[in-house]
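Quick notes on the structure that follows.
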Number of protein chains: 2
Amino acid sequence: MPVKIKIDLNDGLYLKDPQESKLGRKIIKFSIEVINKIGFESFNFKKLATEINSTEASLYRYFENKHLLLLYLVNWYWEWINYLIIFNTMNIEDPKKKLKIIVHSLVFATMDNSLVEFIDESKLHKIVVFEGTKAYHTFEVNKEDSIGLFKSYKDLTIIIASIISEVNPDFKYPITLASNLFEMTNNQLYFAKHLPKLTDVMNSNHEKEVENMLNYFLEKLLF
Amino acid sequence: MPVKIKIDLNDGLYLKDPQESKLGRKIIKFSIEVINKIGFESFNFKKLATEINSTEASLYRYFENKHLLLLYLVNWYWEWINYLIIFNTMNIEDPKKKLKIIVHSLVFATMDNSLVEFIDESKLHKIVVFEGTKAYHTFEVNKEDSIGLFKSYKDLTIIIASIISEVNPDFKYPITLASNLFEMTNNQLYFAKHLPKLTDVMNSNHEKEVENMLNYFLEKLLF
DNA sequence: TGCAAATGGTAGCAATACTATCATACAAGT
DNA sequence: ACTTGTATGATAGTATTGCTACCATTTGCA
């Protein structure tokens with residue numbers, strides 16, 4: 001019997017837990033596909049419903065609107081990275097090594113085998129790179145924050161910041177560096193792909209080069 | 001006679017140059033107001049038209065859609081920062097001093113007197129902090145880039161990168177640092193205001209503290 | 001087998017994102 | 001003063017979006 005893994009996400013994100021039903025899991029899986037294919041702005045529930053042979057009304061039973069669906073996906077991603085970091089740094093002593101693993105996790109965001117069958121993490125990563133910030137640059141940010149919809153991002157930041165402080169307890173801004181590490185990773189991957197004049201990454205292997213770059217920055221800042 | 005200043009923006013941004021007419025300038029001025037007030041997602045041309053006693057149809061004569069209007073505003077901002085940097089570093093020799101001025105310009109984005117009467121730069125800065133990345137995280141980014149709609153951002157990055165290289169010619173990733181400086185500034189200002197757990201800024205004077213923080217990072221990276 | 005929960009099907013409505021057409025105003029040149 | 005052009009206003013209309021409501025059917029499981 002396969003181990004059932006469930007990532008617990010804040011229940012303010014959905015009306016009905018999509019992990020708990022077949023249709024719900026289909027919604028998650030194909031929303032990732034469709035958003036990747038047509039972009040978040042032109043994505044909507046009608047198109048997704050058509051794609052999975054369901055109806056708009058059914059999708060609205062799971063998510064209030066497409067913004068909350070995106071936020072759900074991004075939350076999943078935060079939790080996934082969190083999991084990756086914990087898993088991969090387990091049993092590692094040297095904090096510098098741990099930090100390198102964090103960088104690797106942020107850049108590649110992938111593992112040999114996926115956590116659950118209905119989420120393709122590398123496609124999810126693409127969405128986070130492309131559309132991620134839209135999930136928290138919203139007029140309702142304060143209200144959404146107050147009900148905990150960004151907790152996973154904060155948790156992730158705290159973990160990274162704590163390892164930064166292990167590496168160098170005198171570094172004055174560990175939290176800022178942590179959140180910036182996350183944002184910078186995605187930004188530079190985006191720029192490398194779409195606006196190459198805004199980055200030094202030019203090699204065809206963007207991920208590898210972004211990884212080297214981030215390690216270079218961290219060395220200068222912390223070592 | 002007052003000096004007429006005109007910022008030249010790529011004409012792919014608009015259908016009809018808003019700087020050239022009374023209504024056009026009103027559109028710019030009040031779009032900044034309304035977007036600040038209700039957020040970009042719920043902003044639309046009908047609401048703006050009502051606000052300025054004009055009509056939807058008239059606004060569509062200036063801008064294809066609200067996305068391009070936002071991109072116009074963000075382009076204006078890039079040009080404005082560019083101008084600020086050039087103006088404020090003029091006659092300064094020491095590149096380290098120049099870099100500090102850049103940081104100050106990015107964080108405060110303000111001057112004693114505004115460049116043109118129809119743009120309130122500090123309100124525009126708020127929009128860039130809040131909604132800025134949406135202007136270039138769009139499915140049409142490649143096409144828009146190919147007709148030059150992000151040239152101002154690239155120019156800005158080049159100027160900053162060149163001064164970074166003056167400070168330390170051995171620093172391996174000046175362009176990345178330049179674009180990240182811009183992104184990080186706005187991000188940290190946003191976090192300080194809306195998601196304070198994602199930053200070390202806690203003081204009430206966010207701008208001042210972000211400025212100190214950025215200078216601290218730059219020192220570690222370059223000096 | 002039967003009941004509850006999940007989903008499908010259809011309809012409809014208000015708002016959004018435009019486009020088209022015509023009227024008016026005003027300004028510039030002859 | 002007369003014509004012409006350009007800018008704006010006024011109105012209307014259309015397709016799509018973003019939902020909500022309601023009822024019918026299917027499915028899972030007690």
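As the structure is a prediction and not an experimental result, all values here were calculated from the model. Proteins get letters first, then strands, A, B, ... in listed order; numbering begins at 1 in each. Side chains are part of it too, since the values below use all heavy atoms of this structure and drop only hydrogens, waters and symmetry mates.
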Categorize [X] for me: base, sugar-phosphate, or nothing, with a 4.0 angstrom heavy-atom threshold over every strand shown.
X	answer
B:Phe63	nothing
B:Lys46	nothing
B:Lys26	nothing

Under 4.0 Å: is that the gap between some side-chain N or O of [X] and OP1 or OP2 of [N]?
X	N	value
A:Ser58	C:dG8	yes
A:Lys16	C:dT7	yes
B:Thr55	D:dT11	no
B:Ser21	D:dA7	no

Rounded interatomic separation in angstrom, taking [atom1] from [X] and [atom2] from [N]:
X	N	atom1	atom2	answer
A:Ile52	C:dT7	CD1	P	10 Å
B:Ile27	D:dA7	CD1	P	12 Å
B:Lys22	D:dG9	NZ	C1'	16 Å
A:Asn53	D:dT26	CG	C1'	16 Å
A:Leu69	D:dC19	CG	C1'	15 Å
B:Leu59	D:dT8	CG	P	10 Å
A:Glu20	C:dT7	CD	C1'	17 Å
B:Leu23	D:dT6	CG	C1'	13 Å

So if I take residues 132-140 of chain B and measure heavy-atom distances to DNA chain D, which residues fall below 4.0 Å?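 Those residues whose heavy atoms fall under 4.0 Å from DNA chain D, taken from residues 132-140 of chain B, amount to none.
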
Can the positive tip of A:Lys29 be found less than 6.0 Å from the middle of the six-membered ring of A:Phe118, inside 45° of the ring normal?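 Checked: cation-pi criterion not met.
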
Could you run down the sub-3.5 Å N/O contacts of the protein with nucleotides 17-23 of chain C?
from: C:dC18; atom 1: O5'; to: B:Tyr60; atom 2: OH; distance (Å): 3.0
from: C:dC18; atom 1: N4; to: B:Glu56; atom 2: OE1; distance (Å): 3.3

Any pair with a residue in residues 132-150 of chain A that passes salt bridge (Lys or Arg N to Asp or Glu O under 4.0 Å), sequence neighbours left out, goes on the list, sorted by first then second residue, please. A:Glu41-A:Lys134, A:Glu131-A:Lys134, A:Asp145-A:Lys154

For residues 198-210 of chain A, pull every pair meeting salt bridge (Lys or Arg N to Asp or Glu O under 4.0 Å), keeping only residues two or more places apart or in separate chains. A:Lys208-A:Glu211

Using side-chain heavy atoms (C-beta onward) and a distance below 4.5 Å, is B:Leu13 in contact with B:Asn75?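 B:Leu13 reaches B:Asn75 side chain to side chain.
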
Taking only residues two or more places apart in sequence, or in another chain, which ones meet [X] in a ring-ring contact (aromatic ring centres under 6.0 Å, His included)?
X	answer
A:Phe139	none
B:Tyr173	A:Tyr216
A:Phe40	none
A:Phe43	none

Whether over 12 other heavy atoms sit under 6.0 Å from A:Met202 CE: no

A:His194 meets the side chain to side chain contact (heavy atoms under 4.5 Å, CB included) criterion, sequence neighbours left out, with A:Phe130, A:Tyr190, B:Val141, B:Asn142

